[in-house]
Asker: 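Below: one structure in structure tokens.
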Amino acid sequence: MHPAFSIIFFTTASGAGYGLLFALGLLVPLGLLPQGSGFGFVALAVGLGLVTAGLLSSMLHLGHPERAWRALSQWRSSWLSREGVMSLLTYAPAAVFGIAWVFFGEPGGVAGLFGWLMAALALVTVYCTAMIYASLKTIRQWHNPYVPPNYLLLSLASGLLLANTLAALFGGARGWLLVLGALALAAAWVAKEAYWRAFGTAGPTATPESATGLGRLGRVRLLEAPHSEENYLLKEMGFRAGREHAERLRMIARGAGFAAPLALTLLAWLTGGVVAAVLLVVAVLAAAAGLIAERWLFFAEAKHTVINYYGGARAA
Amino acid sequence: MTSLPEPMPGAKKLGLVIDLDTCVGCHACAVACKEWNTGGHMAPLTDLAAYGADPDGVWFNRIHSFEAGEQGHGCTSRTVHFPKSCLHCEKPDCVTVCPTGASYKRAEDGIVLVNESLCIGCKLCSWACPYGAREFDEDVGVMKKCTLCIDRIYNPHLEAEERVPACVMVCPTSSRHFGDLGDPDSAVSTLVRDRRGYDLMPEMGYQPVNKYLPPRPRPVVPEDQRVARNAGQPSRAEKGFAELLRWVDKALTR
């Protein structure tokens with residue numbers, strides 16, 4: 001599948017944003033993160049900013065962005081519609097929780113209930129995003145039970161990393177949360193490795209033989225393509241990642257997306273203070289680069305059944 | 001509404017039956033489709049840089065050519081021309097994934113359509129289609145697909161015999177048949193039964209309405225009518241005759 005930057009940015013940025021909103025909504029009402037209005041303002045602004053930037057970026061991908069509101073109507077059948085509805089719903093408790101915390105310095109009590117609601121909706125939104133891909137039977141790399149846990153763990157790991165970084169910047173780093181953040185990164189890494197092992201280089205579902213029904217005659221190969229130039233189908237679904245290129249990006253995803261933030265988080269736990277804050281900022285930058293590489297691969301290595309009609313199945 | 005209509009027993013299922021035995025791969029169906037539909041229900045079928053270096057455009061019908069069978073063994077493999085357009089599936093995920101309700105399946109005849117004025121151009125339906133039946137129109141910003149020539153088959157301004165999809169109308173070898181596959185006694189259903197018509201990618205579970213008729217098996221030539229394996233090798237008599245000619249030639253040129 002063609003790795004469109006608008007969607008790569010949307011899924012990574014909103015994933016991290018929702019992960020941060022989840023951490024804030026869950027932990028702040030319990031008094032487990034800094035309670036100050038300053039921290040509240042900056043942390044919620046980062047979380048909601050990432051989410052909003054991601055949503056706007058995903059709208060850039062549309063042929064008719066001005067009609068985007070129509071996507072809220074078909075939640076009965078469409079995961080994309082459900083994602084849209086859930087992403088918008090998350091703003092409501094976020095607004096109540098944010099106003100109570102930032103303007104009234106009251107993130108606990110009744111406002112805390114809205115925080116928990118925001119946390120729950122943030123997770124549900126990320127799950128919906130994952131299900132958009134996991135529900136597509138046409139793509140083996142997406143239509144499998146590894147995808148939703150992958151998305152949730154990556155969102156959680158990047159969100160906790162942001163929460164730890166912001167807390168450290170405000171001088172309120174918590175040792176146990178740093179350890180939890182490191183564990184989340186490790187869990188996300190393990191889940192991603194398992195995904196890569198199972199589906200990274202697998203071919204498409206179905207075969208040229210079943211796609212044409214000509215398997216009864218023997219092996220099927222494309223003799224002549226229907227068109228001389230690339231059409232929409234080949235541009236959108238015929239994208240093929242070069243093997244060496246993919247391997248290099250996988251190393252970037254491993255190193256920058258998982259290993260470096262994991263090591264830096266643990267270092268920050270050991271050092272504390274200003275050093276910890278600096279280490280964590282570096283970890284965030286590394287994770288951003290790593291996650292973009294990871295998401296590029298998620299799209300670029302996904303193989304659609306339509307390539308069975310274009311002789312692409314065996315060469316891949 | 002992108003939820004699918006309740007399947008009714010005996011409901012109309014309009015679709016195509018494509019005969020891979022007789023298709024000669026002339027692309028007339030693709031051209032006739034383009035010609036009709038660029039002014040039809042889903043108009044226009046945009047072309048970009050049609051005369052440029054990298055032409056691109058929306059087509060509802062594409063004709064692939066495959067070689068099937070064991071390659072490199074002389075005449076055991078065969079060429080099959082393979083026209084492909086929307087199969088108007090009974091379980092079309094392209095409809096259910098649509099977030100806006102632009103994609104829908106008609107309850108009355110099973111045709112899968114796009115309401116262009118609701119489409120936001122998210123392209124998710126084209127990802128959900130295993131067959132590559134949908135093509136995005138960059139210029140208009142909406143998804144386009146085969147309408148089964150809905151503006152021909154119900155068109156009272158056309159002669160009755162012309163109320164068939166443009167691709168069916170134009171096919172010079174009558175390899176494309178249009179009809180109601182929900183009616184077991186229709187001509188198309190009979191054809192599918194007689195010729196063992198089949199579904200493409202049945203394992204995907206989309207239950208396509210369109211059916212494909214397999215190439216007929218090649219007639220087997222009886223052993224005694226086959227050209228001998230050593231055909232081309234001169235027989236003993238021929239060798240003797242050649243010997244004689246050589247002797248004559250030698251004698252005359254002496």
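For clarity, every value in this text was computed on a predicted model and none was experimentally measured.
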Asker: In Å, rounded to the nearest 0.5 Å, how long is the span from CZ of R219(A) to OG of S77(B)?
Answerer: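 These two atoms lie 11.0 Å from each other.
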Asker: Minimum heavy-atom separation for V220(A) to A68(B), with atom names?
Answerer: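 Minimum heavy-atom separation between V220(A) and A68(B): CG2-CB, 4.2 Å.
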Asker: Counting heavy-atom pairs under 4.5 Å with chain B, which one of G213(A), S78(A), G218(A) comes out on top?
Answerer: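 Option with the greatest count: S78(A).
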Asker: More than 12 heavy atoms of other residues, nucleotides or ligands under 6.0 Å from CD of E6(B): is that the case?
Answerer: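 No.
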Asker: Identify which part of L233(A) has an atom lying under 4.5 Å from any heavy atom of chain B, answering side chain, backbone, both or neither.
Answerer: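 It is the side chain, since no backbone atom gets that close.
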Asker: Surrounding CD of E116(B) (heavy atoms of other residues, nucleotides or ligands, distance under 6.0 Å), is the total greater than 12?
Answerer: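 Counting neighbours around CD of E116(B), more than 12 heavy atoms of other residues, nucleotides or ligands fall under 6.0 Å, so yes.
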Asker: Does any heavy atom of chain B fall under 4.5 Å from the side chain of T212(A), the backbone, both, or neither of them?
Answerer: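 Backbone plus side chain of T212(A), per the 4.5 Å heavy-atom cut-off to chain B.
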Asker: How far does CG of L136(A) sit from SG of C94(B), to the nearest 0.5 angstrom?
Answerer: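 Rounded to the nearest 0.5 Å, the CG-SG separation comes to 11.5 Å.
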Asker: Below 4.5 Å from any heavy atom of chain A, which atoms of A53(B) appear? Answer side chain, backbone, both or neither.
Answerer: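 Interface part for A53(B): backbone (N, CA, C, O).
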Asker: Tell me, for V97(B) versus chain A, whether the close heavy atoms (under 4.5 Å) come from the side chain, the backbone, both or neither.
Answerer: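 When you check distances to chain A, atoms from both the backbone and side chain of V97(B) fall under 4.5 Å.
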Asker: Tell me, do W59(B) and H227(A) make a side-chain contact under 4.5 Å, heavy atoms counted?
Answerer: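 In short, these two side chains do not touch, never coming nearer than 4.5 Å.
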Asker: Please classify the contact between P217(B) and chain A as side chain, backbone, both or neither, with a heavy-atom cut-off of under 4.5 Å.
Answerer: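 Neither part.
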Asker: So which of S65(B), P202(B), A30(B) has the biggest tally of heavy-atom pairs under 4.5 Å with chain A?
Answerer: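 Of S65(B), P202(B), A30(B), S65(B) has the most heavy-atom pairs under 4.5 Å with chain A.
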Asker: Using a 4.5 angstrom heavy-atom cutoff, name the option from K123(B), M143(B), E138(B) with the most pairs to chain A.
Answerer: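 Of the options given, most contacts go to K123(B).
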Asker: Could you check if a side-chain atom of S126(B) sits within less than 4.5 angstrom of a side-chain atom of M237(A), using non-hydrogen atoms only?
Answerer: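 Answer yes - side chains close enough.
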Asker: Heavy-atom distance under 4.5 Å to chain A: side chain of H27(B), backbone, both or neither?
Answerer: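 Contact with chain A involves the side chain of H27(B) alone.
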Asker: Heavy-atom distances under 4.5 Å only: say whether C122(B) touches chain A with side chain, backbone, both or neither.
Answerer: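 Its backbone and side chain both get close to chain A.
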Asker: Can V80(B) and L223(A) be said to form a side-chain contact (heavy atoms from CB on, under 4.5 Å), step by step?
Answerer: CA-CA 9 Å; V80(B) 181; L223(A) 194 63; over 6 Å; no
Asker: Given 3.5 Å as the limit, does a donor-acceptor pair link the side chain of T138(A) with the main chain of W127(B), or not?
Answerer: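 Yes.
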Asker: For R82(A), is it the side chain, the backbone, both or neither that has a heavy atom under 4.5 Å from a heavy atom of chain B?
Answerer: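 The answer is neither part of R82(A).
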Asker: May I ask you to test the V306(A)-Y131(B) pair for a side-chain heavy-atom distance under 4.5 Å?
Answerer: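 Contact flag for V306(A)/Y131(B) side chains = no.
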Asker: Give a yes or no on this: more than 12 heavy atoms of other residues, nucleotides or ligands lie within 6.0 Å of atom NZ of K91(B).
Answerer: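 Incorrect, the count does not exceed 12.
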Asker: Who wins among L118(B), V142(B), D54(B), D93(B) for the most heavy-atom pairs under 4.5 Å with chain A?
Answerer: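 With the most close heavy-atom pairs to chain A, the winner is L118(B).
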Asker: Restricting to non-hydrogen atoms, name the atom on M201(B) and the atom on A206(A) that form the minimum distance, rounded to 0.1 Å.
Answerer: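 Looking at all heavy atoms of both residues, the closest pair is SD-CB, 3.6 Å.
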Asker: Please report the shortest heavy-atom distance between F66(B) and Y309(A), naming the atom on each side.
Answerer: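 F66(B) and Y309(A) have their closest heavy atoms at CZ-O, 3.8 Å.
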Asker: Mind checking the CG-OG1 spacing from L200(B) to T305(A)? Nearest 0.5 Å is all I need.
Answerer: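 Result: 11.0 Å between the selected atoms.
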Asker: Please classify the contact of M1(A) with chain B as side chain, backbone, both or neither, using a heavy-atom distance under 4.5 Å.
Answerer: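 For M1(A), the side chain is the part near chain B, not the backbone.
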Asker: Relative to chain B, which segment of H61(A) carries a heavy atom at a distance below 4.5 Å: side chain, backbone, both, or neither?
Answerer: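 Both parts, backbone and side chain.
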Asker: What part of A211(A) is in contact with chain B, defined as an atom under 4.5 angstrom from a non-hydrogen atom: side chain, backbone, both or neither?
Answerer: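 Contact with chain B is through both the backbone and side chain of A211(A).
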Asker: Tell me which of these, G205(B), P215(B), C119(B), has more heavy-atom pairs under 4.5 Å with chain A than the rest.
Answerer: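 If we count pairs closer than 4.5 Å to chain A, C119(B) comes out on top.
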Asker: Which bit of K84(B) is near chain A, if near means a heavy-atom gap under 4.5 Å: side chain, backbone, both or neither?
Answerer: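 Just its side chain gets close to chain A.
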Asker: Using the side-chain contact (heavy atoms from CB on, under 4.5 Å) rule, take H64(A) and T100(B) through it: C-alpha gap first, then chi angles, then the decisive distance, then the call.
Answerer: CA-CA 12 Å; H64(A) 278 279; T100(B) 68; over 6 Å; no
Asker: Pick one of side chain, backbone, both or neither for P55(B), based on which atoms fall under 4.5 Å of a heavy atom in chain A.
Answerer: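 Both parts, backbone and side chain.
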Asker: Supply the atom-to-atom distance Q74(A) CD to S3(B) OG, rounded to the nearest 0.5 angstrom.
Answerer: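 Here the interatomic distance stands at 7.0 Å.
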Asker: Is it the backbone or the side chain of I63(B) that comes under 4.5 Å from a heavy atom of chain A, or both, or neither?
Answerer: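 The backbone, not the side chain.
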Asker: Check each atom of I7(A) against the heavy atoms of chain B and say whether the ones under 4.5 Å are side chain, backbone, both or neither.
Answerer: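 It is the side chain, since no backbone atom gets that close.
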Asker: To the nearest 0.5 Å, what is the distance between CG on L124(B) and OG on S135(A)?
Answerer: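 Interatomic distance, L124(B) CG to S135(A) OG, rounded to 0.5 Å: 7.0 Å.
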Asker: With chain A, which of A102(B), G121(B), P99(B) has the greatest number of heavy-atom pairs at distances under 4.5 Å?
Answerer: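 The option with the most such pairs is P99(B).
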Asker: To the nearest 0.5 Å, tell me how far R196(B) CZ sits from R216(A) CZ.
Answerer: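 The distance works out to 9.5 Å.
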Asker: Which bit of W75(A) comes within less than 4.5 Å of chain B, counting heavy atoms only: side chain, backbone, both or neither?
Answerer: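 Neither part, no heavy atoms under 4.5 Å.
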Asker: Do you know the tightest heavy-atom contact between S77(A) and T96(B)?
Answerer: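 Of all heavy-atom pairs spanning S77(A) and T96(B), the closest is OG-O, 2.8 Å.
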Asker: Under 4.5 Å from any heavy atom of chain B, what part of L214(A) do you find: side chain, backbone, both or neither?
Answerer: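 It is both, since atoms from each part get that close.
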Asker: Measure distances from H143(A) to the heavy atoms of chain B and classify the residue's part below 4.5 Å as side chain, backbone, both or neither.
Answerer: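 Neither the backbone nor the side chain of H143(A) comes within 4.5 Å of chain B.
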Asker: In terms of relative ring orientation, are F136(B) and Y232(A) parallel, tilted or perpendicular, with 30° and 60° separating the classes?
Answerer: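 Ring orientation of F136(B) relative to Y232(A): tilted.
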Asker: Taking P130(B), C129(B), P214(B) one by one, which has the highest count of heavy-atom pairs under 4.5 Å against chain A?
Answerer: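 Ranked by contacts with chain A, first place is P130(B).
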Asker: Is it the side chain or the backbone of E236(A) that comes within 4.5 Å of chain B heavy atoms, both, or neither?
Answerer: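 Looking at E236(A), just its side chain touches chain B.
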Asker: Checking E203(B) against S210(A): is there a side-chain donor and acceptor pair closer than 3.5 Å?
Answerer: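 Looking only at side-chain atoms, E203(B) and S210(A) do form a donor-acceptor pair, the distance falling under 3.5 Å.
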